[in-house]
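Source: prediction; values computed, not measured. Chain letters run A, B, ... following the sequence lines, proteins first and then strands; every chain starts at 1.
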Amino acid sequence: MTWSEMQPLLEQASWDTLYMVGVSTLIAVVGGLPLGVLLVLTDRGGLLQNTVLNKVLGQIVNVARSMPFIILMVALMSFTRWITGTTIGVEAAIVPLSIGAIPFFARLVETAVREVDHGLVEAVQAMGGNTWTVVRKVLVPESLPSLISSATTTVVVLIGYSAMAGTVGAGGLGDIAIRYGYERFESGLMWITVGILAVVISVIQFAGDYAARSLSRRGRGSTVPRLRLLRAAAPAAGSVTVPAAEPAAEPSKAS
Amino acid sequence: MITTTGLTKVYRDRSRGRDVVALDGVDLHVREGEVYGVIGQSGAGKSSLIRCVNLLERPTSGTVTVDGLDLTALGGGRGPRAGQRLRAARSRIGMVFQHFNLLSSRTVRDNVELPLEILGVQGRERTRKALELLDLVGLADKAGSYPSQLSGGQKQRVGIARALAGDPKVLLSDEATSALDPETTRSILQLLRDLNRELGLTVLLITHEMDVVKQICDSAALMERGRIVESGTLDDLLATPGSELATALFPVSGEASGDDRTVVDITFHGDTAAQPVISQLSRTYNIDISILGAAMDTVGGKQVGRMRIELPGRFEDNVVPIGFLREQGLQVDVAGRPAAGSAAAESQLVKEGAK
């Protein structure tokens, strides 16, 4: 196979993969975020404590999450037809991809939200905030760096899942690698798809990590050296250099 | 301003299947404009008490009234309306926390704006108010910083500014200085004192540090095992013989150097603090007095103190000098003798001695 033959194939497959993964990530976030938050809120000691609902949701998430994706895809076929009107093609693959990713992301959200200091929740309650305020102003913004990491992990997992979407004729990079690379012994094409996948995953992982890190280090990044300089200058210039009421203006290492 | 009656809180310990009584019928009365300190060891129920005052914890029984409003009657039923009234009441009660509880994702200014957002204050007015409050706590130049860039004391100042955003009449302080070093503690307490004076803010604070009570409180209560065992204004407490709080505020130590000695604790407050009683006593009765220990301090702008002195001879030999000390308006406790029970017998002895 020559490059001119491969190029349109690869181009189409790349777009298919990105489209499937992009749309299903979006749906997974929209569905998984509230589900994850709800799992925390309804848990014992939560703001909306409801043990029965919590158990039911938790069980659904567990079952959906432990189901092998290829089986989920086949099992959901009638549901997929009901939603999209077809069981083959890119649109048909998006349904099981999203359904597979929602519980996965929800569990990650649950873990991230649980990490938020309960004292912050209490502080907002003491100000007169209701549960919705707590979710909107505390739980989500405070866990945002972890939520972004979770979304990144979900995207990478979805790229893995999407390799199986070829089974329902959805195309994509994984499908190319199997149909051409494996079944027709076009090892050149296979290695190129492997390369493209590796690059895509690396870029997504890097972007996600970068975003999460820069958010979690808010106020810590570039200003730290400046404060060190201030402290170094303080003994020479007297207390004038430190304008605050407290003697030590050093950033605390806590939190 | 704050009144609790028969406040009881029982936690259910699921793992052991029995109930833990955190509050056992607490009656608290905080007058308007005063700084009231509740002191006790950890586990005494202080935290439960302060969290019941704004109903972060719902008391098992009893009532909480803040500024004439019975909070326990609000938000009792289900439904959005009931909860709404309680939340509105809460927004008029400021609260500061031991671990500051600032949102790390927001700047200092945005942290102070948070309660204003909840109150529905809009745009420029919100920013103006937040900057005004930061100015009040001396952090106007830190508005754009993140909490992680501040020291502990500065974080607590932000916490205080945030607590004042709803123009509260009452400020609850949950161990606000316990995570701070002594010097920062003093500056935060000074700030609370200033706010109390300038804004007429009623402050209810809980602490395990006697120094906090000594520095800013008008009144104090001692909690033990979910009950208030002693309470009152500091002046009254100091004037109460055998008061545990007064003893804890001004600890004096020192053992008698022999069997035939009498150890006497003297409490000075008000005008008596300025009198040279010890030298008068020594001269009048020609006795040698050893000072075993003494603590003098300024409480609420008045000099108060306790001193433990040793007189030669047994108690029976020293009835007259002790009577002299009492006549000077001092509060005298004789070590090793129950303060109240023997008072009658003691006065009998004093009379006999006078003859």
Highest number of heavy-atom pairs under 4.5 Å with chain A among B:Ala89, B:Ala88, B:Pro115 belongs to B:Pro115

Determine the option with the most heavy-atom pairs under 4.5 angstrom with chain A, choosing from B:Leu103, B:Leu119, B:Val96.
B:Leu103

Is the shortest side-chain heavy-atom distance between [X] and [Y] below 4.5 Å?
{"X": "B:Leu55", "Y": "B:Leu74", "value": "no"}
{"X": "A:Val95", "Y": "A:Phe79", "value": "yes"}
{"X": "B:Ile160", "Y": "B:Ile188", "value": "yes"}

Proximity breakdown for A:Val116 and chain B, heavy-atom pairs closer than 4.5 Å:
neither

May I ask you to decide if the ring planes of A:Tyr210 and A:Phe206 are parallel, tilted or perpendicular, using 30° and 60° as cut-offs?
parallel

Do NZ/NE/NH1/NH2 and the carboxylate oxygens of B:Glu117 and A:Arg136 come within less than 4.0 Å?
no

Pick one of side chain, backbone, both or neither for B:Arg92, based on which atoms fall under 4.5 Å of a heavy atom in chain A.
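It is neither, since no heavy atom gets under 4.5 Å.
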
Given a strict heavy-atom distance threshold of 4.5 Å, which part of B:Leu172 is in contact with chain A: side chain, backbone, both, or neither?
neither

Only pairs of heavy atoms separated by less than 4.5 Å count here; which of A:Val121, A:Asp117, A:Asn130, A:Thr133 has the most with chain B?
A:Asn130

